[in-house]
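First up is the structure itself, then whatever we jot down about it.
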Amino acid sequence: MDKKVRVRFAPSPTGGLHLGGVRTVLFNYLFAKQHGGDFIVRIEDTDQSRFVEGAEDYIFKTLEWCGLIPDESPQHGGPFAPYRQSERKASYKQYAEQLVTAGYAYYAFDTPEDLEKMRIDYKTAENPSPQYNYVLRSKMRNSLNLPAEEVSKLLAEGRPFVIRIKTPENETVSFTDMIRGEVSFNTSQVDDKVLLKADGMPTYHLAVVVDDYAMKITHAFRGEEWLPSAPVHLLLWKYLGWEAEMPQWAHLPLILKPEGNGKLSKRDGDRLGFPVFAMDWTDPKTGEKTIGFKERGFLPEAFVNLLALLGWNDGTDTEIFTIEQLIAAFSMDRVHKGGAKFDYEKAKWFNHEWIKKLSIDQLQLLVREQFIGNGIEVNDSNKLHKVIELVKDRCTLLNDFVQQGSFFFNSPSQFDTASIKPKWDAVKNMFFIELAKAYESSIVWESSDLEKELKELAAAHQLKPGELMLPLRIMLVGGKFGPGVFDIAAVIGKEATVERIRTVLGLLEHQ
RNA sequence: GGCCGGUUCGUCUAUCGGUUAGGACAGCCCCCUUUCACGGGGCAAAGACGGGUUCGAUUCCCGUACCGGCUACCA
């Protein structure tokens, strides 16, 4: 094998990119990069009725966010352009005609009504979905049955037609799947799939073969849902005379619903409250918005990591991988055969690990965005740095930084005074009045000094420091959470600390 | 219905015939913590079923069951 590895991801621009799609991209990308090959993105927009404005752009934005940049694509260019199938329309027809001439395909003039009638007429209890195949094609209106003159006449009249592959009876087609090993089919079970539609556009089956050949694709990875149509593709590679160039196939396992039944869909995310798409997607027709992992506060590193481990592992206990480590460790034969149920809790764990793993500088920009997005001004990057250092270990998602850290920048809008009141008395009130005064006149403003000051003052008032910590925390934070109180005081500064103590003292007095 | 694929703790998974079947998430308990988390330690938890093959099967073969995918002029 001295051919340069070339793989492709071939999405249809019909909506947001979901987990499974991104994982397919990832595995393609990892395989290509590991072998020093090329990763191509080809847009399969052969069905105009399903075309969705903005979907292609969304796909590339997603890939960019994930850091999975194509070497060739409609937006990156490349030697095999165009990379949109709608722009390669002419070539498909030529190959379809070639197949007809060679006797491997035929014209079919059946109307949608004809087809529907056939499916009803031949439907039986044992065979609820009759196929257009070697037994039924003799009963339909196609160039195999019609007299040659009539076929030419229909064609000359411009009557709508499709070209269907003539799948042979009772032949065995098999291939070696990189994940599943040898898989074989009997052609009697596969129907005469439409290759070229009445509008002159190819179906997926023809287009994928023609383009994989044209673009010199060496390895084709796609979801398991494509396994049943593999024999059609195999036949096409053979009939077109390109068998020697056929890529190696791998059919990836599906990502399933958490409760187990069926493949994961956008709806499941809406229903169960977690993202399924990589990034936010707004349907241009309905205006319906679907949340994405990015906007939910996931790091791209974590997203890629969790996707890689969904159906693959390196055989060790390692779970946290950088993209470079994934490129080095990945192997298709370690991809699982069975589908994996998606577990959002585990997904969050990956993100948590990545937040802890990244340096404060790497986090800075993202965290700043979170604060700004929530209307919190962050102009002191030195302070931001300290805040991140203090709270990063307690954040699972990026937006947790806001909950965990907004009080560093703005005074809390709510104070949980209810938690102070039961044990509040005049002695404590006096203590805090004096603490505020003492802090106000502090010269140094370091965490350890602030703690020392409080303890000394507590001793003077015959109070135990322990019973003062909670009130002080609530004064500074608003609630019962956050890092060490004195660390917080050190970061928010003298003025804010004193002000917040006095604010809560005021609240307690008036309640 | 047919065809194809799959089946190890609740979930993701390790195991390339011989293990007390390992790890991670979630759960529970303990420790740490003058808050809440993080963290540390621990507990509980699995080979779908039935036949073979073998000295020995989670691992190989067959059957059954269950789950999934496909069965469009959609991808």
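These numbers come from the heavy atoms of this one structure, side chains and all, not from hydrogens, waters or symmetry mates. Numbers restart at 1 for each chain; the letters A, B, ... are given by sequence-line order, proteins then strands. It should be emphasised that the depicted structure is a prediction, and the values quoted were computed from it without experimental measurement.
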Applying a 4.0 Å non-hydrogen cut-off, can you work out what [X] is touching in the nucleic acid: base, sugar-phosphate, or nothing?
X: A:S419; value: nothing
X: A:P160; value: nothing
X: A:Q404; value: nothing
X: A:A340; value: sugar-phosphate
X: A:G484; value: base
X: A:L115; value: base
X: A:R222; value: nothing
X: A:K356; value: sugar-phosphate
X: A:S12; value: sugar-phosphate
X: A:D191; value: nothing
X: A:H352; value: sugar-phosphate
X: A:K392; value: nothing
X: A:G466; value: base
X: A:T46; value: sugar-phosphate

Compare the minimum distances between each of [options] and the side chain of [X], then state the nucleotide with the smallest one.
X: A:R394; options: B:U35, B:A75, B:C25; value: B:U35
X: A:Q189; options: B:A75, B:C3, B:U34; value: B:C3
X: A:F185; options: B:C4, B:G10, B:C38; value: B:C4
X: A:D47; options: B:U34, B:G5, B:A75; value: B:A75
X: A:E224; options: B:G68, B:A75, B:U34; value: B:G68
X: A:E319; options: B:G39, B:C73, B:G23; value: B:G23
X: A:W349; options: B:C70, B:C25, B:U34; value: B:C25
X: A:D317; options: B:U34, B:U11, B:G23; value: B:G23
X: A:R180; options: B:C73, B:A26, B:G5; value: B:G5
X: A:N313; options: B:G1, B:A75, B:U13; value: B:U13

Does any N or O donor sit under 3.5 Å from an N or O acceptor when you compare the side chain of A:K455 with the base of B:U34? yes

Record whether the side chain of A:K346 comes under 3.5 Å of the base of B:A24 through a donor-acceptor pair of N or O atoms. yes

Taking only Lys NZ, Arg NE, NH1 and NH2, and the carboxylate oxygens of Asp or Glu, determine whether [X] and [Y] approach each other closer than 4.0 Å.
X: A:R42; Y: A:E44; answer: yes
X: A:K455; Y: A:E451; answer: yes
X: A:K193; Y: A:D191; answer: yes
X: A:E259; Y: A:K257; answer: no

Within a reach of under 6.0 Å around CD of A:E53, are more than 12 heavy atoms found that belong to other residues, nucleotides or ligands? no

Taking atom NZ of A:K166 as the centre, report whether more than 12 heavy atoms of other residues, nucleotides or ligands fall under 6.0 Å from it. no

Spacing between [X] atom [atom1] and [N] atom [atom2], to the nearest angstrom:
X: A:H336; N: B:U11; atom1: NE2; atom2: C1'; value: 13 Å
X: A:L206; N: B:A75; atom1: CG; atom2: P; value: 11 Å
X: A:K263; N: B:C4; atom1: NZ; atom2: P; value: 20 Å
X: A:I255; N: B:G68; atom1: CD1; atom2: C1'; value: 14 Å
X: A:K337; N: B:A14; atom1: NZ; atom2: P; value: 10 Å
X: A:D487; N: B:U33; atom1: CG; atom2: P; value: 15 Å
X: A:L195; N: B:C73; atom1: CG; atom2: C1'; value: 11 Å
X: A:K193; N: B:C74; atom1: NZ; atom2: C1'; value: 11 Å

Applying the Watson-Crick and G-U wobble criteria at under 3.5 Å, what pairs with [N]? Answer none if nothing qualifies.
N: B:C49; answer: B:G63
N: B:C16; answer: none
N: B:A24; answer: B:U11
N: B:A57; answer: none
N: B:C4; answer: B:G68

Rounding to the closest angstrom, what is the interatomic distance between [N] and [M] at atom [atom1]?
N: B:G22; M: B:C28; atom1: P; value: 23 Å
N: B:U8; M: B:A45; atom1: C1'; value: 12 Å
N: B:C31; M: B:A37; atom1: C1'; value: 15 Å
N: B:G23; M: B:U15; atom1: P; value: 15 Å
N: B:C29; M: B:C67; atom1: C1'; value: 35 Å
N: B:G47; M: B:G18; atom1: C1'; value: 16 Å
N: B:C61; M: B:A21; atom1: P; value: 23 Å
N: B:G6; M: B:A48; atom1: C1'; value: 13 Å

Please tell me if the side chains of A:T167 and A:L235 come closer than 4.5 Å, counting only heavy atoms from C-beta onward. yes

Residue pair A:R334/A:L470 against RNA chain B: nearer the 5' end by closest nucleotide is A:R334

When A:W312 and A:S49 are each assigned the nearest nucleotide of RNA chain B, the 5'-most assignment goes to A:W312

Distance test, side-chain N/O of [X] to OP1/OP2 of [N], below 4.0 Å:
X: A:R473; N: B:U34; value: no
X: A:R42; N: B:A75; value: no
X: A:K341; N: B:U7; value: no
X: A:N127; N: B:G1; value: no

At their closest point, which heavy atom of A:A278 faces which heavy atom of A:Y58, and how far apart are they? N-OH, 3.8 Å

Which is it for B:C32, anti or syn, if anything within 90° of zero counts as syn? anti

If you measure only the distance, is there a donor-acceptor pair under 3.5 Å linking the side chains of A:T318 and A:T316? yes

Check the side chains of A:T124 and A:N127 for a donor-acceptor pair under 3.5 angstrom, ignoring hydrogens and angles. no

